[in-house]
Amino acid sequence: MKRAITWWVGGLLLLAWALAQPSPNTPPPDFSPEVFRIAGQLRCPVCQGESAAESNAGIAVEMRRIIAEQLAQGKSRAEIREFFVQRYGDWILYEPPARGLTLWVWLSPLVGLSLLGFGLWRYLAGVRARAQLTASDVSEEEIARLEAELQPRERQP
């Protein structure tokens, strides 16, 4: 009985501890949500696939601190983004502007789909032409013979 009570109390403590944890998507209380909205548009320079808002790397924390300082100075989102672009280049933005090399990145799916569509159209046009050519080479006698062979034959008792 004592063992069962110990398990129940331990389970309740674990449940209380799990429920006391903040949800992973809530920003820490030391920065405003605006800091995390801006940091969400910037890449973490040392992490792969994480924004500066998601990362716990030291440089991402420093980026959030810089963003908070610049917001306190009254700078706009665009000015803050430009600050990081000047420091790191267009690479730091999750959605880089469509110019130069990044224009190719934005347009390459469209070019690829266009080439695929053109190739498929040419292939099907060739198949259609070969089918028509083959059908025109068959004589009327051969067609009649094939139709006669395809007719079901009656069984003889």
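- Interatomic distance, Glu54 CD to Phe36 CZ, rounded to the nearest 0.5 Å: 11.0 Å.
- Grouping the Ile, Leu, Val, Met, Phe, Trp and Tyr side chains by contacts below 4.5 angstrom, directly or via other members, places Trp91 with Ile67.
- Residue Phe118 belongs to a hydrophobic cluster whose other members are Trp121, with links defined by side-chain heavy atoms closer than 4.5 Å.
- Rounded to the nearest 0.5 angstrom, Leu93 CG and Tyr88 OH are separated by 12.5 Å.
- In this structure, Trp7 places its CH2 atom where only 12 or fewer heavy-atom neighbours from other residues, nucleotides or ligands lie under 6.0 Å away.
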Run the side-chain contact (heavy atoms from CB on, under 4.5 Å) test on Met63 and Ile92 for me, step by step, so that the C-alpha distance in whole Å, both residues' side-chain angles and the decisive distance to 0.1 Å come before the verdict. CA-CA 11 Å; Met63 287 173 73; Ile92 198 75; 4.1 Å; yes

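- Note that the CG atom of Leu42 and the CD1 atom of Ile66 stand 10.5 Å from one another [nearest 0.5 Å].
- Under the salt bridge (charged side-chain N to carboxylate O under 4.0 Å, His left out) criterion, Arg87 pairs with no residue, sequence neighbours left out.
- Not counting sequence neighbours, the partners of Glu62 by the salt bridge (charged side-chain N to carboxylate O under 4.0 Å, His left out) test are Arg65.
- For the atom pair CD (Gln48) and CZ (Arg43), the distance works out to 10.5 Å, reported to the nearest 0.5 Å.
- Checked by atom type and distance alone, the side chain of Glu79 pairs as donor or acceptor with a backbone atom of Ser76 at under 3.5 Å.
- One distance of note links CD of Glu149 with CD of Gln151; it measures 11.0 Å at 0.5 Å rounding.
- Taking Val61 as the reference, Arg64 meet the side chain to side chain contact (heavy atoms under 4.5 Å, CB included) condition, with sequence neighbours excluded.
- At a threshold of 4.5 Å between side-chain heavy atoms, the hydrophobic network of Ile, Leu, Val, Met, Phe, Trp and Tyr places Leu110 and Leu120 in two separate groups.
- Qualifying salt bridge (charged side-chain N to carboxylate O under 4.0 Å, His left out) partners for Glu141, counting only residues two or more places apart in sequence or in other chains: none.
- Linking ILVMFWY residues whenever their side-chain heavy atoms come closer than 4.5 Å, directly or via other members, leaves Leu116 and Tyr123 in distinct clusters.
- Within the model, atoms OG of Ser114 and CG of Leu107 stand 10.0 Å from one another, a figure rounded to the nearest 0.5 Å.
- The side chain to side chain contact (heavy atoms under 4.5 Å, CB included) check on Ser55 picks up Cys44, Cys47, Glu50, Ala57, Ala60, with sequence neighbours excluded.
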